[in-house]
Structures are given as C-alpha cells and as structure tokens.
Asker: 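My questions all concern the structure below.
Counting starts at 1 for both ligands and their atoms, in listed order. Please read all numbers here as calculations on a predicted model, not as lab measurements.
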Amino acid sequence: MLITLEGLDGSGKTTAWEALHDVYPDAVFTREPTESWYGDAVYRSMSDEDADSLAELFLFTADHADHLSRVVRPALADDKLVISDRYSDSRFAYQAATLEDADLRRPLDYIRGIHAAFSRPPDATIFLDVDPETAAARAGATNKFERASYLREVKANYERLIDAEPERFVRIDATQPPEDVVEMVERSVERLLSEHERR
Ligand SMILES: Nc1ncnc2c1ncn2[C@@H]1O[C@H](COP(=O)(O)OP(=O)(O)O)[C@@H](O)[C@H]1O
Ligand SMILES: Cc1cn([C@H]2C[C@H](O)[C@@H](COP(=O)(O)OP(=O)(O)O)O2)c(=O)[nH]c1=O
C-alpha cells in the first residue's frame with residue numbers, strides 16, 4: 001500500500017513521517033525530492049529565483065520517475081507499506097502555481113496528464129491542513145516556494161485536488177500541537193491499513 005503525506009511547507013509532514021518510523025519499522029519510508037542526483041538537480045533549480053518554471057516541472061518529474069522505478073514500484077511489488085513525505089500531489093499543487101504565469105493552458109490538468117501516462121497514484125493521502133501564513137512562518141521562507149502569497153495558490157490547488165478525489169484524502173488539522181497532529185496521523189494510517197486489508 002502506498003500512503004503519501006502532503007501539505008504546505010511547514011505543515012508538519014516530516015515530523016509526522018519521522019514519528020511513523022517507530023510504529024511501522026518494516027515500512028519503506030521515502031520522500032520527494034529524493035536524495036538521488038535527480039533530487040540534487042531539483043534543489044539546484046529551487047535555489048535559482050530565475051529558473052524556468054517548465055524546466056523545473058520536468059526536473060521534479062524526472063526525480064519522480066526515478067523514485068518510482070528505483071524505490072516505490074519494487075517496494076510495492078514486495079507487498080511493503082510505502083510512506084512517502086510528498087509525492088505527485090506536490091507537483092500538481094506547487095508546479096501548477098509556478099506555471100500560472102507561463103503560456104500554458106490549464107497547468108494543473110497538464111501536469112496530471114503527464115503523470116497519468118506513467119505514475120502510480122497513491123492509495124491514500126494524508127493532507128496536513130494549515131493556513132499559508134502559519135506555513136510560511138513555520139517554514140522560515142528558506143526557499144522561493146515558502147512565501148505566504150505563493151502558498152495561497154498552492155493551497156487552492158490542493159483544495160482542487162481534494163474536491164476531485166475526496167475519497168483518497170484524509171484531512172488533518174495541522175494547526176494543532178505537534179503531538180496531537182502526530183497522533184491523528186498515526187490513527188489515520190492504522191485505519192487506512194485495516195481498510196486496505198479488508199478489501
Ligand atoms: N503542529 C505543529 N505546531 C507547531 N509547530 C510545528 C508543528 N509541526 C511542526 N512544527 C514545526 O514547524 C517546522 C516545520 O515542520 P516539518 O515537520 O519539517 O514540516 P514540513 O515537513 O511539512 O515542512 C519545524 O520547526 C517543526 O518543529
Ligand atoms: C516534491 C515536490 C516538492 N516541491 C517543493 C515543496 C517544498 O517547497 C520543496 C521541498 O523542500 P523541503 O525542504 O523538502 O520542504 P518540505 O519539508 O516542506 O517538504 O519542494 C515542489 O514544488 N514540487 C514537488 O513536486
């Protein structure tokens with residue numbers, strides 16, 4: 001089963017993902033951007049204020065393709081639980097916002113179309129819900145995506161994704177204290193796993 005954690009920068013994904021390691025020692029814990037050289041290229045682009053947004057989309061997508069073939073698909077073929085800190089929804093939400101000014105019609109649909117051809121959608125996605133101002137303050141604006149104005153667009157895209165597929169998402173109020181958020185995430189994963197096993 002593939003479970004992904006999504007949300008704005010600073011929503012607490014990494015805190016929850018780390019806490020889950022102790023609960024599911026046999027699961028495969030992974031993340032995007034990855035630690036491969038594709039991931040390095042992604043971080044290089046993120047640190048460039050003038051990076052071309054379409055080129056940047058394809059760097060993130062290349063990293064995802066490598067992540068899928070090297071980590072995600074082999075683990076799923078082994079019947080493992082895979083828990084990924086960010087995955088394809090991050091592209092749909094973030095790059096649809098960066099491509100807003102590009103000469104491209106319906107960027108969100110475009111990016112989803114690219115993924116539909118080769119990706120493996122998550123079985124379930126836990127969305128850590130915080131407002132863009134809290135997210136930007138927590139994240140400390142260390143990269144160009146972590147500004148509240150941009151995160152507002154990203155949040156609106158996440159809401160579109162949730163509206164389109166409400167059954168895939170579990171929304172958690174991530175403005176609560178970290179220990180409460182972690183507990184809600186752990187309970188959600190437990191429930192998702194038992195539902196998956198019953199299917
Ligand atoms: N529920 C929370 N309330 C307050 N601060 C939090 C909460 N969750 C995480 N933080 C803090 O916010 C920052 C970003 O958390 P992190 O888990 O790295 O988020 P993300 O991976 O979503 O960017 C860290 O300094 C973390 O300690
Ligand atoms: C995976 C992915 C991440 N991102 C952005 C979101 C974050 O700002 C950044 C990842 O940086 P990171 O420092 O790992 O942030 P976080 O802890 O919030 O995950 O990359 C995209 O824009 N598109 C993507 O497809």
Side-chain angles (χ1 to χ4, degrees), residues 2 4-21 29-36 38-49 51-68 71-72 83-100 102 107-108 110-112 114-115 118-119 121-122 125-158 161 171-186:
L2 172 59
T4 61
L5 295 169
E6 292 283 354
L8 301 182
D9 299 76
S11 55
K13 293 178 305 303
T14 308
T15 305
W17 180 80
E18 276 167 2
L20 288 168
H21 280 66
F29 286 89
T30 186
R31 54 166 299 144
E32 292 187 10
T34 70
E35 286 171 4
S36 72
Y38 296 101
D40 294 344
V42 164
Y43 279 108
R44 191 165 162 191
S45 182
M46 276 197 279
S47 66
D48 178 0
E49 288 283 337
D52 179 86
S53 48
L54 195 55
E56 194 163 80
L57 162 69
F58 287 113
L59 288 177
F60 275 112
T61 308
D63 188 39
H64 178 63
D66 174 67
H67 186 213
L68 267 176
V71 179
V72 178
I83 302 183
S84 188
D85 179 357
R86 294 195 182 280
Y87 193 73
S88 44
D89 291 306
S90 284
R91 230 111 44 241
F92 306 154
Y94 281 74
Q95 274 57 60
T98 52
L99 286 168
E100 207 48 68
L108 200 154
Y110 174 68
I111 302 167
R112 291 181 73 174
I114 295 171
H115 282 69
F118 76 96
S119 190
T125 299
I126 295 175
F127 178 66
L128 297 187
D129 192 2
V130 284
D131 53 279
E133 290 72 22
T134 306
R138 281 197 204 157
T142 53
N143 75 42
K144 64 183 175 185
F145 298 149
E146 292 172 345
R147 298 176 191 132
S149 55
Y150 175 67
L151 292 178
R152 261 192 290 280
E153 309 262 327
V154 175
K155 173 84 155 79
N157 287 334
Y158 272 125
L161 295 167
R171 187 195 293 266
I172 284 175
D173 178 0
T175 61
Q176 300 300 309
E179 52 282 9
D180 293 357
V181 174
V182 163
E183 200 188 315
M184 288 187 277
V185 170
E186 287 178 356

Asker: For ligand 1, is G7 a contact, meaning one of its heavy atoms is under 4.0 Å away?
Answerer: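 Checking ligand 1 against G7, which is what was asked, there is no heavy-atom contact under 4.0 Å.
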Asker: Got the closest protein heavy atom to atom 19 (O) of ligand 1, with its distance?
Answerer: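 In this structure, atom 19 (O) of ligand 1 has G12 N, 3.1 Å as its nearest protein heavy atom.
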Asker: Starting from atom 5 (C) of ligand 2, which protein heavy atom do you reach first, and at what distance in Å?
Answerer: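 The answer is F145 CD1, 3.7 Å.
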Asker: Using a 4.5 Å cut-off on heavy atoms from C-beta on, say whether the side chain of P107 contacts that of E100.
Answerer: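 Result yes, sub-4.5 Å side-chain heavy-atom pair found.
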Asker: Looking only at distance, does Y94 have an N or O less than 3.5 Å from an N or O of ligand 2?
Answerer: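 No, Y94 has no N/O under 3.5 Å of an N/O on ligand 2.
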Asker: Quick one: which of Y87, F92, F60 has a heavy atom closest to atom 21 (C) of ligand 2?
Answerer: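 The residue whose heavy atom sits nearest atom 21 (C) of ligand 2 is F60.
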Asker: Who's the nearest protein heavy-atom neighbour of atom 13 (O) of ligand 2, and how far?
Answerer: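 Protein heavy atom at minimum distance: Y43 OH, 4.3 Å.
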Asker: Do the non-hydrogen side-chain atoms of V185 and L128 ever get within less than 4.5 Å of each other?
Answerer: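 V185 reaches L128 side chain to side chain.
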Asker: Does atom CD (E35) have a neighbourhood of more than 12 heavy atoms from anything else shown, all under 6.0 Å?
Answerer: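 No, CD of E35 has 12 or fewer neighbouring heavy atoms, counting only those of other groups under 6.0 Å.
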Asker: Is there a heavy atom in P178 that sits closer than 4.0 Å to ligand 1?
Answerer: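 The answer is yes: ligand 1 sits under 4.0 Å from a heavy atom of P178.
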Asker: Mind checking whether D129 and D173 have side chains closer than 4.5 Å, heavy atoms only?
Answerer: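 No. Closest side-chain heavy atoms not under 4.5 Å.
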Asker: Are any of the N/O atoms in S11 less than 3.5 Å from those in ligand 1?
Answerer: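 Between S11 and ligand 1 (N or O atoms, distance only) the closest approach is under 3.5 Å.
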Asker: Assess L8 for proximity to ligand 1: is some non-hydrogen atom of it under 4.0 Å away?
Answerer: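 Checking ligand 1 against L8, which is what was asked, there is a heavy-atom contact under 4.0 Å.
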Asker: Pairs of nitrogen or oxygen atoms closer than 3.5 Å, one from Q95 and one from ligand 2: do any exist?
Answerer: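 Yes, at least one N or O pair falls under 3.5 Å.
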Asker: Do T125 and T4 get their side chains close enough for a donor-acceptor pair, meaning under 3.5 Å?
Answerer: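 Note: T125 and T4 side chains meet the donor-acceptor criterion.
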Asker: Just going by heavy-atom distances, which of T14, V182, T15 is nearest to atom 9 (C) of ligand 1?
Answerer: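 Comparing heavy atoms across T14, V182, T15, the nearest one to atom 9 (C) of ligand 1 lies in T15.
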Asker: Which heavy atom of the protein is the closest neighbour of atom 14 (C) of ligand 1, given with residue, atom name and distance?
Answerer: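 For this ligand atom, the closest protein heavy atom is G10 CA, 3.8 Å.
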Asker: Heavy-atom contacts under 4.0 Å between Y150 and ligand 2: side chain, backbone, both, or neither?
Answerer: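 The answer is neither.
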Asker: Would you call the rings of H64 and H115 parallel, tilted or perpendicular, taking 30° and 60° as the class edges?
Answerer: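 Taking H115 first and then H64, their aromatic rings sit tilted (interplane angle of 30° to 60°).
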Asker: Going by the order shown, which atoms of ligand 1 are within less than 4.0 Å of some heavy atom of P177?
Answerer: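 What qualifies from ligand 1 is 1 (N).
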Asker: What atoms in ligand 2 come closer than 4.0 Å to a heavy atom of E32?
Answerer: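 Listed by number with element, the hits are 1 (C).
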Asker: By number and element, which atoms of ligand 2 are closer than 4.0 Å to a non-hydrogen atom of R91?
Answerer: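 Result: 1 (C), 24 (C), 25 (O).
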Asker: Short N/O distance, under 3.5 Å, between D9 and ligand 2?
Answerer: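 Such a contact does occur with ligand 2.
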Asker: Tell me yes or no: between the side chains of S90 and E6, is some donor less than 3.5 Å from an acceptor?
Answerer: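 Distance-only check passes for S90 and E6.
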Asker: Regarding atom 12 (P) of ligand 2: of the candidates R31, E6, R86, which has the closest heavy atom?
Answerer: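 Result: the heavy atom closest to atom 12 (P) of ligand 2 is in R31.
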Asker: Looking just at side-chain N and O atoms, do D131 and T134 make a donor-acceptor pair shorter than 3.5 Å?
Answerer: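 Result is yes, a qualifying pair exists.
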Asker: Within a distance under 4.0 Å of any heavy atom of A174, pick out the atoms of ligand 1 and give their elements.
Answerer: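 In order of number, 1 (N).
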Asker: Taking only heavy atoms of T14, which atoms of ligand 2 are found under 4.0 Å from at least one of them?
Answerer: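 Taking each heavy atom of T14 in turn, ligand 2 has 17 (O) under 4.0 Å.
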Asker: Could you identify the single nearest non-hydrogen protein atom to atom 10 (C) of ligand 2 and state the distance to 0.1 Å?
Answerer: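 Protein heavy atom with the smallest distance to atom 10 (C) of ligand 2: P33 CD, 3.9 Å.
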Asker: Relative to atom 4 (C) of ligand 1, which among K13, R31, Q176, R138 owns the nearest non-hydrogen atom?
Answerer: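 It is R138 that holds the nearest heavy atom.
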Asker: Looking only at the side chains, is there a donor atom on one of Y150 and D9 sitting less than 3.5 Å from an acceptor on the other?
Answerer: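 No pair is found: no donor N or O on one side chain lies under 3.5 Å from an acceptor on the other.
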Asker: Is it true that E49 and R147 have a side-chain N and a carboxylate O under 4.0 angstrom from each other?
Answerer: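 Salt bridge present between E49 and R147.
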Asker: Decide yes or no for W17 and I83: does some side-chain heavy atom of the first lie under 4.5 Å from some side-chain heavy atom of the second?
Answerer: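 Yes, side chains in contact.
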Asker: Relative to the heavy atoms of K13, which atoms of ligand 2 are at a distance of less than 4.0 Å?
Answerer: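 Listed by number with element, the hits are 18 (O), 19 (O).
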Asker: Check whether any side-chain heavy atom of V42 lies under 4.5 Å from a side-chain heavy atom of E56, and answer yes or no.
Answerer: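 The answer is no, as the side chains (C-beta and beyond) never meet within the 4.5 Å cut-off.
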Asker: Would you please classify the geometry between the H67 ring and the Y87 ring as parallel, tilted or perpendicular, with 30° and 60° separating the classes?
Answerer: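 Ring orientation, 0 to 90° scale: perpendicular.
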Asker: Can R171 and Y158 be counted as having a side-chain donor-acceptor contact under 3.5 angstrom?
Answerer: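 No, Y158 and R171 have no side-chain donor paired with an acceptor closer than 3.5 Å.
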Asker: Under a 4.0 angstrom heavy-atom cut-off, which atoms of ligand 2 come close to M46?
Answerer: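 Every atom of ligand 2 under 4.0 Å from some heavy atom of M46: 9 (C), 20 (O).
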